[in-house]
Participant: 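This is the structure, below, for whatever I ask next.
No experiment lies behind these values; they were computed from the predicted model shown. Letters A, B, ... mirror the listed sequences (proteins, then strands); counts begin at 1.
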Protein chains: 2
Amino acid sequence: MLSKSEENYLKEIYALSESSKEVVNTSLLANKLATKSPSVTEMLKKLAKKNLLKYEKYKGVKLNTQGKSIALGIIRKHRLWETFLVDKLNFNWDEVHVIAEQLEHIQSDQLTDRLDEFLGFPTMDPHGDPIPNKKGQVIKINKTPLFNMGISEEGVFIGVKSSSDSFLKYLSKNNISIGCKIKIISIEDFDNSLKIEINNLRFNISKDVAQNLYMEVK
Amino acid sequence: MLSKSEENYLKEIYALSESSKEVVNTSLLANKLATKSPSVTEMLKKLAKKNLLKYEKYKGVKLNTQGKSIALGIIRKHRLWETFLVDKLNFNWDEVHVIAEQLEHIQSDQLTDRLDEFLGFPTMDPHGDPIPNKKGQVIKINKTPLFNMGISEEGVFIGVKSSSDSFLKYLSKNNISIGCKIKIISIEDFDNSLKIEINNLRFNISKDVAQNLYMEVK
DNA sequence: TATAAATATTAGGAAAGCCTAAATAATTGT
DNA sequence: ACAATTATTTAGGCTTTCCTAATATTTATA
Ligand SMILES: [Mn+2]
Ligand SMILES: [Mn+2]
Ligand SMILES: [Mn+2]
Ligand SMILES: [Mn+2]
């Protein structure tokens, strides 16, 4: 059985290898895990010895099959609990991440699976991220940042790139919620800000915001 | 913020001081927490320094107000989660304790209170133990072991003394569940076993069982 | 009440997970 | 190609929570 710390390392390595490259380096990990590089090196050696990842000195790290499977299990729990908190306990989507950071480490497959069932086997968490199923399979959804869409193109808002508190609060404040249709009206040359339309209502958003909104375009 | 270990010590000290005497001794604690006495001594010193309990060398330990309040908070979480697992996720009452041992350490007052609300502010957990409210107040219920009742007396089964797996499974197997009426038909002189009646059905239970069934007698 | 038995504490050490400072390897710029 | 910069690892230490063995205190017993 793995410690909370070991689980967090695996989860973060998985996240980083998904988003950036295949091989993850020490300082990026240290930064994400709010720790220092010597601690990372030490942990990588330990996880390598446990055959959860391949680690080569100075070359970075890559999860192997078992490590990936454990990481997906933790992500599954994290997202199921977030869904529970929002759907059943009426939390806002910007409040659930920190609590799920604790709940994701509860060890009981039976609990996870029953929670899954209780929630109706959801495939997306409150932020639009896919929930791995019991076997660790993830439904891959084709999502484009709003910023990459063209003028007069329309799509459905299906997820956020950043789940930062402030960003989620901004979206709530402007009634931008998952599932709503967004159409690009115009793009400002000067600062790349966009004029968009939601429910016949037009307003402006910054480039930064547009890059963090994931859209589904038909 | 307290560690999981510190929380478990406070919880166990509270439980022992409720069930037996006021002052709890080292070896009993060590036994209950599955640790050794030097570890207990060490922890007691630490918790005393944090002003959560009063510890006198060789004299035992006693929670003070703040320590008791923390202990009650953990017990509250434990029993709320057990209720959640049984009421919402359809676990059996003999399966929930080990999972609640983990969940009781999740730190979020908001989560605890919303869970409480979601469950309809329950006052009893699945084993008939009272759930402290947000303020740490516990409803004290007058409960008598079935063994202390007399022949032809009748009462309602409202809780178990031991929550051991095997005992809970035994009760389930014999359809003895919380809320059911039990009448004592006769008591055997030889081994103190009892003949009881539930739903017009009569059968025998041992002295051991009768001592672990808490009854409410009008 | 002296001695034996029990209970409890102290001493010293291990493992896990973190840290800073120092050393080493890799990368970059000229 | 090589010096300077950056990234990574190693060395050595700290804290928490355990442990065993040794010592001290309390309680029980003769
Ligand atoms: Mn999250
Ligand atoms: Mn985590
Ligand atoms: Mn329990
Ligand atoms: Mn516990």
Participant: What pair of heavy atoms forms the shortest contact from A/Met215 to A/Pro145, and how long is it?
Facilitator: CG-C, 4.5 Å
Participant: Closest-nucleotide mapping onto DNA chain D: is B/Ala34 or B/Lys57 further toward the 5' terminus? I mean the 5' end.
Facilitator: B/Ala34
Participant: Expressed as a whole number of angstroms, how long is the span from B/Glu42:CD to D/dA21:P?
Facilitator: 17 Å
Participant: Name the nucleic acid region contacted by A/Lys45, choosing base, sugar-phosphate or nothing; use a 4.0 angstrom heavy-atom cut-off, strictly under.
Facilitator: sugar-phosphate
Participant: A/Ser27 has a side chain; which of D/dC19, C/dA21, D/dT8 sits nearest to it?
Facilitator: D/dT8
Participant: Measure from CG on A/Leu33 to P on D/dT8 and round the result to the nearest Å.
Facilitator: 14 Å
Participant: For A/Asn64 versus A/Leu53, what's the shortest heavy-atom pair and its separation?
Facilitator: ND2-N, 3.6 Å
Participant: With respect to the side chain of B/Asn25, which nucleotide from C/dA8, C/dT9, D/dT10 is positioned closest?
Facilitator: C/dA8
Participant: Can a donor-acceptor pair be found between the side chains of A/Trp93 and A/Ser172 at a distance below 3.5 Å?
Facilitator: yes
Participant: Please report the distance, rounded to the nearest Å, between CE in B/Met1 and C1' in D/dT15.
Facilitator: 18 Å
Participant: May I have the distance from A/Lys50 (atom NZ) to C/dA16 (atom C1'), rounded to whole angstrom?
Facilitator: 10 Å
Participant: Any side-chain N or O of B/Ser5 less than 4.0 Å from the OP1 or OP2 oxygen of D/dC18?
Facilitator: yes
Participant: Would one find a side-chain N or O of A/Ser37 under 4.0 angstrom from OP1 or OP2 of D/dA7?
Facilitator: no
Participant: Using the salt bridge (charged side-chain N to carboxylate O under 4.0 Å, His left out) definition, which of the options B/Lys77, B/Lys11, B/Arg76 pairs with B/Glu104?
Facilitator: B/Lys11
Participant: Can you tell me which nucleotide in D/dT8, C/dC18, C/dC19 comes closest to the side chain of A/Tyr58?
Facilitator: D/dT8
Participant: Tell me whether the OP1 or OP2 atom of C/dA16 has a side-chain N or O from A/Tyr9 closer than 4.0 Å.
Facilitator: no
Participant: For D/dT9, does OP1 or OP2 lie under 4.0 Å from any side-chain N or O of A/Thr41?
Facilitator: yes
Participant: In terms of the nearest nucleotide of DNA chain C, which residue is placed more toward the 5' end: A/Ser39 or A/Lys59?
Facilitator: A/Ser39
Participant: Over how many whole Å does the gap from B/Leu47 atom CG to D/dT17 atom P extend?
Facilitator: 9 Å
Participant: For B/Lys4 and D/dT15, give me the distance from atom NZ to atom C1', rounded to whole Å.
Facilitator: 18 Å
Participant: Rounded to the nearest Å, what distance is computed from the CD atom of residue A/Glu56 to the P atom of nucleotide C/dA26?
Facilitator: 11 Å
Participant: On a heavy-atom basis, which atom in B/Ile178 and which in B/Ile158 lie closest, and how many Å separate them?
Facilitator: CD1-O, 3.9 Å
Participant: In terms of side-chain heavy atoms of B/Lys36, which of D/dC19, C/dT9, D/dT16 is nearest?
Facilitator: D/dC19
